[in-house]
Amino acid sequence: MMLNRPRRNRQNEVIRSMVRESYLSPDHLIAPLFVIDGKNQNIPIKSMPGQSRLSIDELVKEVKELYSLGVKCVALFPAIDEKLKTPDAREAYNRDGLNFRSIRAVKEAVPGMLVMGDIALDPYSSDGHDGLVDPKTGEIMNDPTLEVLAKQALCEAEAGADIIGPSDMMDGRVGYIRMALDESSHQNKLIMSYTAKYASSFYGPFRDALDSAPKKGDKKTYQMDPANSTEALREAELDMAEGADILMVKPGLPYLDIIYRLKEMSTLPIAAYNISGEYAMLKAAAQNGWLDNDKAILETLTCFRRAGADIILTYFAKEAAKLLNK
Ligand code: PBG
């Protein structure tokens, strides 16, 4: 006799699905998309097989397909022409700029699609940093950056973005942006804060996609040290106090413990960003026949849910939605 046999609860798919603790649906997914200027452009990103930089007309097609598959939120990342990049990153709040034209086009074509706009200066800065750089010392200037970020947020809100996503890691930006939005009657725009964003080597393919790598130095004075987790709780407390609606952890896979800790300590929904390097690793292995692509995608995303992520930003969104709809 053996009283406890955990295998009894695993003996067939019916009982397994009855006791399953986490599940995945397209409702949980946000698809990040890269946008470029031009027409009919669909330029594959080498380090992210299956992902492309899309001109707005192609972007709209992609958004329609995602929507029909049940993915109802996209995060837009514009790749800006080098000529438009300046030390003051003023293209970040040019109302006719690519970012705002993309947001408007998506909302016009598919009004039900939630659009998340990125807040950070790196795509627009000739220094390739998320904040303004002091030309004398090379330091990232926190408070002067906040003003630029707030302008960018207002332009995104006016263009129709539903969610404002500050990915810059400047201190105080959530509160600063919240105030700017509320003062302009945008009190219903959500802020999904990149609360615990780490200085990670896994951002490489994303920086290829946008040509946004820092020209000098690294991002360690604003992005978090991968060795820390209690510090993430401090960031979370501040973002909650400053009015964030959703807290995000980024990267995702090597940081599942951070997702878990934030989920435990916060009453806000938690998002996880399954980033470019994580996508590249899985795709490279799958292309070599070393992993089963479809199974690895669904397992990866389910594990985010198990760790406590309510929402997952992932380049697998379209593939996963297709698999889930089967
Ligand atoms: C920067 C930003 C980065 C990503 C999104 N916004 C990378 C960075 O800090 O250089 C990375 C996303 C990914 O790797 O998929 N504002």
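Note that the numbering runs from 1 along the sequence shown for the chain. FYI, side chains are in, hydrogens and waters are out, and symmetry mates aren't considered; it's all heavy atoms of this structure. Start at 1 and go down the list; that is how both ligands and their atoms are numbered.
Connection of I163 to V174 is established within a shared hydrophobic cluster, with ILVMFWY side chains joined at heavy-atom distances below 4.5 Å, either directly or through further cluster members. Residue L69 is not grouped with residue M116 when hydrophobic side chains (ILVMFWY) are merged at heavy-atom distances under 4.5 angstrom, including chains of intermediate members. Both I30 and L190 belong to a common hydrophobic cluster when Ile, Leu, Val, Met, Phe, Trp and Tyr are linked at side-chain heavy-atom distances under 4.5 angstrom. Clustering ILVMFWY residues whenever any of their side-chain heavy atoms sit less than 4.5 angstrom apart, transitively, puts F202 in the very cluster that holds L253.
Comparing Y198, Y194, F206 against atom 12 (C) of ligand 1, the shortest heavy-atom distance belongs to F206. Closest heavy-atom approach to atom 8 (C) of ligand 1 among the candidates H129, M169, K219: K219.
The contact set between ligand 1 and R207, taken as ligand atoms under 4.0 Å from a residue heavy atom, comprises 8 (C), 9 (O), 10 (O). Applying the 4.0 Å criterion to heavy atoms of A120 picks out, from ligand 1, the atoms 16 (N). Residue Y315 approaches ligand 1 through these ligand atoms, each under 4.0 Å from one of its heavy atoms: 12 (C), 13 (C), 15 (O).
Looking at D130 against ligand 1, only its side chain comes within 4.0 Å, counting heavy atoms.
Counting only heavy atoms of the protein, atom 4 (C) of ligand 1 lies nearest to K250 NZ, 2.6 Å. Of all protein heavy atoms, the one lying nearest to atom 1 (C) of ligand 1 is D122 OD2, 2.9 Å. Atom 9 (O) of ligand 1 has Q223 NE2, 2.7 Å as its closest protein atom, hydrogens excluded (heavy atom only). Residue, atom and distance of the protein heavy atom nearest to atom 14 (O) of ligand 1 are S276 OG, 2.7 Å.
Between K197 and ligand 1 there is a heavy-atom distance shorter than 4.0 Å. Between Y273 and ligand 1 there is a heavy-atom distance shorter than 4.0 Å.
At a threshold of 4.5 Å between non-hydrogen side-chain atoms, the residues E264 and R261 do not count as touching.
Here K61 does not pair with D57 in a salt bridge; the nearest charged N to carboxylate O distance is not below 4.0 Å.
Between Y279 and the options Y273, F316, Y203, a ring pair (Phe, Tyr, Trp, His ring centres under 6.0 Å) holds for only F316.
Under the 3.5 Å distance criterion, with hydrogens and angles disregarded, no donor-acceptor pair is assigned to the side chains of Q152 and N99.
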